There are 2 protein chains.
Amino acid sequence: MASLHSIGDAAKQSGCTVQTIRYYERVGLIASPVRTSGNQRIYDADAVSHLAFIRHARALGFGLDAIRDLLGLSATPDRDCAQIDAIARTHLDAVRERISHLRALETELTRMIEACKNQTVSECRIVQVLSDHGMCASEH
Amino acid sequence: MASLHSIGDAAKQSGCTVQTIRYYERVGLIASPVRTSGNQRIYDADAVSHLAFIRHARALGFGLDAIRDLLGLSATPDRDCAQIDAIARTHLDAVRERISHLRALETELTRMIEACKNQTVSECRIVQVLSDHGMCASEH
DNA sequence: TGTGATACCTGTAGTCACTATAGCTTCAAG
DNA sequence: CTTGAAGCTATAGTGACTACAGGTATCACA
């Protein structure tokens with residue numbers, strides 16, 4: 001007794017939205033499911049698992065390209081998982097880079113805001129910093 | 001003797017690219033400059049200052065809507081700068097939220113990667129975590 | 001069997017802040 | 001006068017959705 005689901009059901013089970021599931025199909029992240037005689041999509045348990053997998057990976061910030069690779073690699077359970085590891089490590093590096101970029105911004109913003117003693121606009125440290133030629137925040 | 005600049009000049013002076021300057025004009029972030037008889041844009045020193053201001057604000061992560069407001073507020077030098085302060089603080093809050101979100105991801109990813117002892121895919125902790133129903137990373 | 005509510009379908013456009021391309025015109029130096 | 005750089009417009013692409021318009025299918029209930 002295979003459990004079959006409408007797209008609404010699959011959405012509830014996986015945590016994706018209905019539109020997002022259709023989007024994943026359109027960009028080839030999941031296979032096109034079979035349809036009813038009335039043209040409505042039907043998902044089996046495997047498809048729902050895939051959707052939950054995607055949802056979890058998205059929650060961890062993986063991009064769809066990385067997820068495509070992860071899904072492909074998960075399909076071969078006997079191979080070693082070095083490639084999966086590599087994808088995860090690459091993503092972790094990217095996350096760390098974004099954190100350090102944001103922390104630099106935080107420092108800069110904090111300094112600027114604290115320097116502003118709430119005077120007139122022309123004396124405002126924030127305006128001055130933004131107008132100054134000497135400013136050089138981190139690029140990229 | 002007003003110093004006048006071609007778009008390429010203005011780009012070099014401000015740090016924006018030529019295309020980006022045209023884009024800012026299109027979305028109404030800067031005023032449309034006057035043109036030469038040959039239809040080429042001419043920027044005065046004020047316009048170049050505005051572009052540099054925008055560039056600095058973008059480097060600090062402000063969105064274009066916030067920058068539009070900041071530019072408007074900077075134009076009235078005698079008012080008090082409370083609104084400018086508020087925009088900066090709002091942005092700082094957003095930056096801090098993004099940092100804490102990314103830090104949660106970092107923790108989760110690190111835990112996952114360390115748990116993986118480089119075995120087969122079917123034993124891979126990363127695949128298991130992503131497949132697990134029990135996972136609940138932070139939303140939004 | 002009719003009716004109405006809900007869920008489903010496709011296709012398109014909008015988000016953000018650019019970036020890149022194609023195909024053209026203008027300008028400045030030699 | 002020629003050549004190459006720089007300028008012009010208009011359009012499409014990025015990532016990962018989200019929202020809408022306008023239509024069809026399904027199901028519970030009367």
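Quantities reported herein were computed from a predicted structural model and do not represent experimental measurements. First the proteins, then the strands, lettered A, B, ... as listed; each starts at 1.
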Output field: ring centroids Y43(A)/H5(A) closer than 6.0 Å:
no
With DNA chain D as reference, determine whether G61(A) or K12(B) sits nearer its 5' end, using the nearest nucleotide of each.
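Result: K12(B).
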In this structure, are over 12 heavy atoms from other groups packed under 6.0 Å from R68(A) atom CZ?
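Yes.
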Going 5' to 3' along DNA chain D, which are the first and last nucleotides with any atom under 4.0 Å from a heavy atom of chain A?
dA16(D) to dT26(D)
For the pair [X] and [Y], find out whether any cationic side-chain nitrogen is under 4.0 Å from an anionic carboxylate oxygen.
X: E123(B); Y: K117(B); result: no
X: R22(A); Y: E25(A); result: no
X: D93(B); Y: R89(B); result: no

Reading 5' to 3' through nucleotides 9-27 of chain C, protein heavy-atom contacts under 4.0 Å coded B for base, S for sugar-phosphate only, - for none:
SB------BBS------SS
Spatial distance of atom NE2 (H91(B)) from atom CG (L105(A)) [nearest 0.5 Å]:
6.0 Å
Going from OG1 on T110(B) to CZ on R103(B), what distance comes out if it is rounded to the nearest 0.5 angstrom?
12.5 Å
What residues, two or more places apart in sequence or in another chain, satisfy side-chain hydrogen bond (donor to acceptor under 3.5 Å, both in side chains) together with S122(A)?
T120(A)
